[in-house]
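Just so it is clear: chains get the letters A, B, ... in the order the sequence lines come, proteins before strands, and each one is counted from 1. Quick caveat: nothing in here was measured; it's all calculated off a predicted structure.
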Amino acid sequence: MADINNNPYLAHMHNKSSGSSNNIFDGPNKAFNMLVPGKSTAEQQEALENDVYNGLTGQTYSQKYKNILEKRRDLPVNKQRQKFLDLIHANQFVVLVGETGSGKTTQIPQYMVMDMLPQVEGKMIACTQPRRVAAMSVAQRVSEELDVKLGQEVGYSIRFEDCTSSKTVLKYCTDGMLLREAMSDNLLSRYSAVILDEAHERTLNTDILMSLMKNIAMKRPDIKIIVMSATLDSEKFQKYFYDAPLLTVPGRTFPVEVYYTPEPESDYLEASIKTALQIHATEPAGDILMFLTGEEEIEEACRLLRARGDELIRRANSGPLLVVPLYSTLPPNMQQKIFDQAPEPRTKGGSPGRKIVVSTNVAETSLTIDGIVYVIDPGFAKQKVYNPRVRVESLLVSPISRAAAQQRAGRAGRTRPGKCFRLYTEKSFNNDLIEQTYPEILRSNLGSIVLQLKKLGINDLVHLDLMDPCAPEVLMRALELLHYLGALDDDANLTEIGHAISEFPIDPQLAKMIIAAADYGCTNEVLSIAAMLSVPNVFLRPREAQRAADMAKAEFAHMDGDHMTLLNVYHAYKGATEATKWCWDNFLQYRSLKSADSIREQLRRVAVKNNIPLLSNNFTNPEYYPKIRRALTAGYFMQVAHLERNGQYLTVKDNQIVLLHPSSVLERKPEWVVYNEFVLTKRHYIRTVTEVKPEWLLEIAPHYYDLSAFPPCEGKRILEKIALKIAVSREEQERREKKDKKDKKRKSEKEKSEKEKKDKKEKKDKKEKKSKD
DNA sequence: GAGCACTGC
């Protein structure tokens with residue numbers, strides 16, 4: 001008997017009966033009929049692409065499609081299509097390494113669509129990206145390659161925007177988005193294959209997804225998983241995925257010559273500037289990209305480069321310079337300047353002009369600048385580090401890894417052969433730099449992630465199968481936090497509140513604050529505050545107008561503290577008619593406020609979905625602000641500082657000496673404050689601070705403020721006094737209540753007996769009257 | 001009296 005599963009020519013017989021609304025076999029396309037899900041060959045796939053009709057839509061292919069197809073056939077990855085298909089047919093996991101220009105991100109997902117025919121079963125192929133822009137732009141590109149409308153057969157899904165439809169068979173999404181989806185669909189049952197792209201970046205979400213995919217694969221033998229990476233660190237990935245086979249695809253870049261300094265540089269900023277000017281004076285035309293660590297450093301370097309560039313023009317008749325800064329908080333119109341052309345020579349046939357882009361790490365992965373030929377790499381970057389002992393994430397300038405250095409160098413070879421100048425010795429590169437940047441999961445606070453894992457049904461966190469297991473202390477800290485917030489019970493199981501908190505795409509403390517706000521009737525206001533705390537700083541303070549900026553901010557200041565000040569700003573922003581101009585006039589970051597507004601909308605929807613009522617107290621109610629501050633306390637009772645008699649703030653329980661951040665509107669130094677952020681620089685600051693009442697702490701978080709487990713300090717003694725007072729007054733109240741009850745009882749008894757007497761008397765009177773009659 | 005690498009739900 002013929003096995004129809006193995007006969008590609010009979011495939012339509014069993015597929016026809018699937019009854020799917022996306023049945024591709026009904027169209028005029030015949031080539032699709034040759035395919036059996038999971039058994040296609042490169043030849044069959046190419047025949048499909050060469051057909052007159054589009055197998056996905058039934059329409060005839062456009063001329064544009066045919067032009068693009070020609071280019072697609074030239075991509076390095078296309079030469080390995082059969083090899084790829086053989087591997088994925090024989091394995092559940094495949095690791096694919098492909099350098100820039102290999103075509104893996106656009107082609108592999110298409111090969112998977114043609115191979116697995118997910119539409120037959122109403123399923124999809126997902127391809128994840130660490131960044132939103134990438135997901136959007138790749139989906140756009142692939143929709144053109146497949147000659148379909150973006151959002152139909154090919155779509156993308158990112159926060160705030162779901163550009164997919166019921167027809168979608170190929171979906172590009174951010175890794176965070178797929179993780180969220182897994183929270184409600186633990187087996188990712190809507191997908192027949194998942195492709196994890198840019199896995200080498202090892203973002204927090206990619207790491208969790210990789211672990212999750214291993215878990216899902218065990219329960220779903222039908223799902224295929226492809227892990228794509230740009231580095232040669234492939235063995236680690238292979239080993240992690242049960243010795244998965246490896247496919248290597250060459251890239252298309254130009255060679256980059258690397259130069260080292262003979263001696264270590266003591267001042268990398270000065271060395272960078274000197275190197276840039278030397279390139280300008282001696283090397284042929286071509287733009288320069290310089291990597292520095294932060295905004296201030298970049299602006300300083302730009303000033304110096306411009307000044308010395310002018311001097312060079314005067315003294316040595318060199319070409320004109322265009323110096324452009326680049327960092328993420330730079331306004332978009334300023335960021336656009338990196339795409340400007342290098343200036344023309346000042347005189348015809350004179351020395352050529354040159355563009356110098358001075359950038360942070362954004363230019364390492366997120367942004368690509370064409371025309372860069374020279375890269376200057378001092379070897380440093382600001383990197384996030386997490387200290388679980390003090391529960392603080394902070395940014396530290398630290399040496400980059402060898403992989404990052406290679407990535408930086410590669411930026412010089414995108415359009416033609418280039419040069420990279422490393423401002424450290426070759427010996428230092430080989431001996432001092434670490435191989436790979438530590439994955440984010442080892443450098444982060446895991447509060448939110450642990451909660452998500454619980455929601456994903458992963459309970460045994462200690463034995464969680466991560467590519468790089470995180471430190472037990474970090475896990476402990478996360479569990480502790482979630483337990484105090486009431487998200488986990490004593491057995492570390494998700495509570496009802498925990499379920500609700502996990503639905504919010506924000507820090508657990510913020511989510512708890514929103515949920516608690518319902519008890520105080522102020523969810524509307526707290527939603528706004530939570531949104532404002534989830535965006536980059538809204539207050540601008542340009543160097544040339546600091547005084548004016550401070551005055552503008554003072555207009556919004558609220559005496560209770562910075563959280564209420566943020567609420568004032570948000571309300572004023574919503575009331576402003578010309579938002580962009582209004583922001584500019586008030587020294588506010590329009591981008592941040594706009595983003596706060598969309599986040600608020602998202603949070604509001606999650607609140608509604610979780611039956612959290614949207615409430616506001618009457619503004620004239622004297623408790624309007626105190627109630628909001630109580631809700632704040634319900635989320636942030638673990639971040640409280642007390643002003644000691646010596647004028648210093650001490651964080652509660654940790655006993656760290658901290659200072660109010662100079663940006664705070666609270667100049668009067670209230671005795672008890674909650675803070676949003678612990679900033680670790682030369683000194684320890686607490687930023688975004690609001691006054692609270694000590695009795696609220698005892699009332700709202702008695703489990704955390706269990707004074708018997710407190711380290712001794714002034715704050716403890718004061719809390720003890722208050723606790724005593726509360727206990728005494730509670731006792732008094734109880735006594736009073738008891739007395740009242742007794743009195744009432746006595747009174748009612750008295751009334752009862754009097755009434756009885758009266759009744760008796762009346763009866764008697766009636767009787768007497770009757771007898772008289 | 002100071003700072004803000006970069007993503008992401």
Quiz item: Is any side-chain nitrogen or oxygen of A:T360 closer than 4.0 Å to OP1 or OP2 of B:dC6?
Solution: yes
Quiz item: To the nearest Å, how far apart are A:N537 CG and B:dC6 P?
Solution: 14 Å
Quiz prompt | Phosphate OP1/OP2 of B:dC9 contacted by A:R132 side-chain N/O (<4.0 Å) | solution = yes
Practice problem: Ignoring backbone atoms, test whether A:Y685 places a side-chain nitrogen or oxygen under 4.0 Å from the OP1 or OP2 oxygen of B:dA2. | Solution: yes
Quiz item: So does A:R180 get a side-chain nitrogen or oxygen closer than 4.0 Å to the phosphate oxygens (OP1/OP2) of B:dG8?
Solution: no
Quiz item: Would you call the rings of A:H661 and A:Y685 parallel, tilted or perpendicular if under 30° counts as parallel and over 60° as perpendicular?
Solution: perpendicular
Quiz item: Quick one: on DNA chain B, does A:S534 or A:E296 contact a more 5' nucleotide (nearest heavy atom)?
Solution: A:E296
Quiz item: NA contact type, A:V679, heavy-atom cut-off 4.0 Å: base, sugar-phosphate, or nothing?
Solution: sugar-phosphate
Quiz prompt | d(CD, A:E300; C1', B:dG3) in whole Å | solution = 15 Å
Exercise. Among B:dT7, B:dG3, B:dC9, find the nucleotide with the atom closest to the side chain of A:M177.
Key: B:dC9
Quiz item: Hey, does A:T293 reach any base, or is it just sugar-phosphate, or nothing, if we go heavy atoms under 4.0 Å?
Solution: sugar-phosphate
Exercise. Starting from C1' on B:dA5, measure out to CD on A:E364 and report it in whole angstrom.
Key: 10 Å
Exercise. Start with the C-alpha gap between A:D550 and A:K553, add the side-chain angles, then the distance that decides, and say whether side-chain contact (heavy atoms from CB on, under 4.5 Å) holds.
Key: CA-CA 5 Å; A:D550 291 346; A:K553 184 175 175 180; 5.6 Å; no
Self-check item: Distance in angstrom units between A:D562 CG and B:dG1 P, rounded
Solution: 17 Å
Quiz item: Which of these nucleotides, B:dC4, B:dT7, B:dG8, is closest to any side-chain atom of A:E295?
Solution: B:dC4
Exercise. May I ask you to evaluate whether A:S663 reaches the phosphate of B:dA2, defined as a side-chain N or O under 4.0 Å from OP1 or OP2?
Key: no
Exercise. Decide, yes or no, whether a salt bridge links A:E503 with A:K455 under the criterion of side-chain N to carboxylate O below 4.0 Å.
Key: yes
Exercise. For A:K669 and B:dG1, give me the distance from atom NZ to atom P, rounded to whole Å.
Key: 10 Å
Quiz item: Between atom CG in A:D162 and atom P in B:dC9, what is the gap in whole Å?
Solution: 12 Å
Practice problem: Look at A:R202 together with A:D468 and state whether they make a salt bridge at an N to O cut-off of under 4.0 Å. | Solution: yes
Practice problem: Pick base, sugar-phosphate or nothing for A:I158, based on heavy-atom distances below 4.0 Å to the nucleic acid. | Solution: sugar-phosphate
Exercise. Ignoring backbone atoms, establish whether A:S328 has a side-chain N or O less than 4.0 Å from OP1 or OP2 of B:dC6.
Key: yes
Quiz item: Side chain of A:Q546: nearest nucleotide among B:dG3, B:dC4, B:dG8?
Solution: B:dG3
Quiz item: Hey, does the side chain of A:R541 come within less than 4.0 Å of B:dG3's phosphate (OP1/OP2), counting only N and O?
Solution: no
Exercise. For A:H642 and A:L650, indicate whether the former's side chain and the latter's backbone hold a donor-acceptor pair under 3.5 Å.
Key: no
Quiz item: Looking across every strand, which nucleic acid part, if any, lies under 4.0 Å from A:Q383 by heavy atom: base, sugar-phosphate, or nothing?
Solution: nothing
Quiz item: Counting only N and O atoms by type, is there a donor-acceptor contact under 3.5 Å from the side chain of A:T495 to the main-chain atoms of A:G486?
Solution: yes
Exercise. For the side chain of A:Y327, starting at C-beta, report the closest nucleotide among B:dG1, B:dG3, B:dC6.
Key: B:dC6
Exercise. Using atom CD1 of A:I686 as one end and atom P of B:dA2 as the other, report the distance to the nearest whole Å.
Key: 15 Å
Practice problem: Please state how far atom CE in A:M183 lies from atom C1' in B:dC9, giving the value in whole angstrom units. | Solution: 9 Å
